[in-house]
K.L.:
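A single structure is presented below for examination.
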There are 2 protein chains.
Amino acid sequence: MAITIKDIAGKAGVSISTVSLVLNQKGYVAPVTKKKIQTVIDDLSYRPLHSARKLATKQTGNFGFIVWEGHFSEVEMFYSQVFLGMEYAARKNDYYILLTTVRDKFDPKEDLPRFLRYKDVDGVALAGRVPEPLIRYLDHQQIPFVLVDYEIPGENYNCIKIDNYNGAFRAVENLILSGRKHIAFVGGTFFHPSIKERHRGYREALEKHGLNNNHGDNYSYCENVETSRSIGEKGALHLLEKYPEIDAIFSCNDTTAMGVISGIQRLKKKIPEDIAVFGFDDIPTAEFSTPKLSTIHVPKLEIGKEAYKLLYELIQHPKMAPQTRIISVDTLIRESSSNS
Amino acid sequence: MAITIKDIAGKAGVSISTVSLVLNQKGYVAPVTKKKIQTVIDDLSYRPLHSARKLATKQTGNFGFIVWEGHFSEVEMFYSQVFLGMEYAARKNDYYILLTTVRDKFDPKEDLPRFLRYKDVDGVALAGRVPEPLIRYLDHQQIPFVLVDYEIPGENYNCIKIDNYNGAFRAVENLILSGRKHIAFVGGTFFHPSIKERHRGYREALEKHGLNNNHGDNYSYCENVETSRSIGEKGALHLLEKYPEIDAIFSCNDTTAMGVISGIQRLKKKIPEDIAVFGFDDIPTAEFSTPKLSTIHVPKLEIGKEAYKLLYELIQHPKMAPQTRIISVDTLIRESSSNS
DNA sequence: TTGTTTTATCGAAACGTTTTAATATATTAT
DNA sequence: ATAATATATTAAAACGTTTCGATAAAACAA
């Protein structure tokens, strides 16, 4: 059958303990012995059996990745890219990332992902908005976890955040500097702290440049539901009818921006000549819309990598204080906001 | 510490063997004993430790999901949905799906996914086009695998296929029945058997209705690279310039169709009035393009589920003969091909 | 009745690792 | 020279399951 540590020990003329030591780079083992063992390992291309190792060490070698069902299935490739970033990073340590989705309605007794029921993960990444009972559960069970692109106000959890404020600020400032005077905001739910931050960036950019009209709130269209294309379309229609002077719309994310573009086009206005559009996220479709969407580039793979790294550090140093890491973003000027 | 099978045995006043028997529903155990044990299990909400179980059974409880890097990162949410379908199905048996990506250039010695290096999976699903050496490797190592939306001509492997031929046939026939006379085809690489089949469906629909012009090859634009938006755009531009009489374009998939739409719009032609467009796949963006794209709906989640089921059967009955399962598709008429 | 099969339970081995503690040798400090 | 420490190796226990074979009682067949 498959090659075991015994075979290695036998061929190398040492005990299995010694083989284990070189495998895990622990304790003292003479350089010459180490080399001999390593040779045998390479020759037989031996790999330790994970389940045996896990049984002995009580580690699982897995991290969970939990995302709201609607988010993973969405048009946008956002969280799937974050997931991919984690997978890339996990390769270094031979960790596996187990993805699962959760519903809005969530009862820890009923809906617990199976890798939590079976304690099959050393830690969990929660991507985007996720049921709060789930977070409480993890906290209570002392399972290491990281919130990715989310946070609970007032709670000091481990977070990977996007620099939403500065991204929004720069986007809006860019619109201002290219001559736009009446800049609107279209967004979805403020349940999501990221959206809230983007709105703050929007308002403060306006204020800095003296374009503050009631803190921009006149020009803000928000619905308290999940962001989507249709909100963007409705928002654009609504705002442009009410305030014909609007010459730019900053959308809380690219998906919404796509809807905004549709809405503007439906009104037979030209982008960017009549109205400039700016998004946030840089989802793949943004590059291919007509016109191509100006947006804030968010490095999704890197977010995933950072989430993995934090999680990994967390299990190495269990006493580590919760920390927040902020991923910076880039401004991406494309057709939808180019200078006219 | 955590609850083990010993605790259950102790509390129930039986041996651990008996507990194991009820856990796995094997052998003979008296109904009354079974009930007693089950009660204790439920009371303590005991879950067997996977790594211990795996060590004993030599099963891993994992399936691998391998997809070409470019495919998972792509604009479209196709294979990520297939993956999600597998994940859903896997919940029933508490299996885990380990996703990883591979590159075009693939050497089994170097680039083997870690779950194969470590033999951490009981089987593998290969989604879309995947390096042939990888397939050979799995075959040679006798690792159960399923090709999803792919096949190797002449080889009898386990496959989940989309009904590409009939889908394409129906799409084109639909265009014909709505009055189109000059129907073109835009596609990418024929390396992918699915594309080849879709082209066959296109040609045979033309023939059936006597629209055969040199088997439709005059009106076919194909480039031997991966399908993409830009191919669609180039194809549309090329074909419409050369054959101004063209009044409909069937694209090998939705991504390409998006490019086709851009191309047509760039030429200031109207969709569907001047030219109808039909896609294939029903990716989420198809619903939101302007105009909304008519397409062939492919049930991606179901494909994933079917792949899982086949894989699961495969490890239960290792001697099972390779089989092909075909997932049927639906016609979806939207704006881009509606009757004018 | 006796012998066979079915039902029920359990002890013990096995799965392939890691880790602890023991032992032995070599090196360094006093 | 001796004690202390650092280096090197190992035997054996432990991790939590499944499964094989043994044992025994109960049911059935002759």
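Letters A, B, ... are given to chains in the order of the sequence lines, protein chains preceding strands, and every chain is numbered from 1. All heavy atoms count here, side chains included; hydrogens, waters and symmetry mates do not.
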K.L.:
May I have the distance from A:Y118 (atom OH) to D:dG16 (atom P), rounded to whole angstrom?
P.N.:
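For the pair A:Y118 OH and D:dG16 P, the rounded distance is 17 Å.
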
K.L.:
Take the protein atom CG of B:L55 and the nucleotide atom C1' of D:dA14, then report the distance between them rounded to whole Å.
P.N.:
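It is 12 Å, rounded to the nearest whole Å.
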
K.L.:
Check every strand shown and say whether A:T33 touches a base, only sugar-phosphate, or nothing at a heavy-atom separation below 4.0 Å.
P.N.:
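A:T33: backbone/sugar contact only, no base atoms under 4.0 Å.
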
K.L.:
Once you apply a heavy-atom cut-off of 4.0 Å, does B:L49 come out as touching a base, just sugar-phosphate, or nothing?
P.N.:
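Sugar-phosphate: the residue B:L49, judged by heavy atoms under 4.0 Å, touches backbone atoms but no base.
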
K.L.:
Over how many whole Å does the gap from A:D7 atom CG to C:dG16 atom C1' extend?
P.N.:
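From A:D7 CG to C:dG16 C1': 11 Å.
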
K.L.:
Do the ring centers of B:H71 and B:F78 come within less than 6.0 Å of each other?
P.N.:
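Aromatic pair excluded; centres sit 6.0 Å or further apart.
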
K.L.:
Has A:K36 got more than 12 heavy atoms of other residues, nucleotides or ligands less than 6.0 Å from its NZ?
P.N.:
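Enclosed: over 12 neighbouring heavy atoms sit under 6.0 Å from NZ of A:K36.
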
K.L.:
Would you kindly give the CD1-to-P distance between A:I41 and C:dT17, to the nearest whole Å?
P.N.:
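Checked: the CD1 to P distance equals 10 Å.
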
K.L.:
What contact category does B:S17 fall into here, base, sugar-phosphate, or nothing, at under 4.0 angstrom with non-hydrogen atoms?
P.N.:
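Base contact - B:S17 has a heavy atom under 4.0 Å of at least one base atom.
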
K.L.:
Out of curiosity, B:F145 CZ to B:I143 CD1, how far, rounded to the nearest 0.5 Å?
P.N.:
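B:F145 atom CZ to B:I143 atom CD1 measures 9.5 Å (nearest 0.5 Å).
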
K.L.:
Once you apply a heavy-atom cut-off of 4.0 Å, does B:K6 come out as touching a base, just sugar-phosphate, or nothing?
P.N.:
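No contact.
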
K.L.:
Does B:Y96 reach the side chain of B:F63, with side-chain heavy atoms less than 4.5 Å apart?
P.N.:
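B:Y96 vs B:F63: side chains apart.
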
K.L.:
Which part of the nucleic acid does A:T57 contact within heavy-atom distance under 4.0 Å: base, sugar-phosphate only, or nothing?
P.N.:
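The answer is sugar-phosphate, as A:T57 gets under 4.0 Å only of primed atoms, P, OP1 or OP2.
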
K.L.:
NA contact type, B:S20, heavy-atom cut-off 4.0 Å: base, sugar-phosphate, or nothing?
P.N.:
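Contact class for B:S20: base.
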
K.L.:
Please state how far atom CD in A:Q59 lies from atom P in C:dT17, giving the value in whole angstrom units.
P.N.:
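Rounded to the whole Å, the gap is 17 Å.
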
K.L.:
Measure CG/A:L21 against P/C:dT17 and give the value in whole Å, please.
P.N.:
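Atom-to-atom, A:L21 to C:dT17, this comes out as 14 Å.
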
K.L.:
Rounded to the nearest Å, what distance is computed from the CD1 atom of residue B:I5 to the P atom of nucleotide C:dC10?
P.N.:
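Rounded to whole Å, this separation is 12 Å.
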
K.L.:
Whole angstroms only, please: what is the CG-C1' distance between B:D120 and C:dT17?
P.N.:
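Atom-to-atom, B:D120 to C:dT17, this comes out as 14 Å.
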
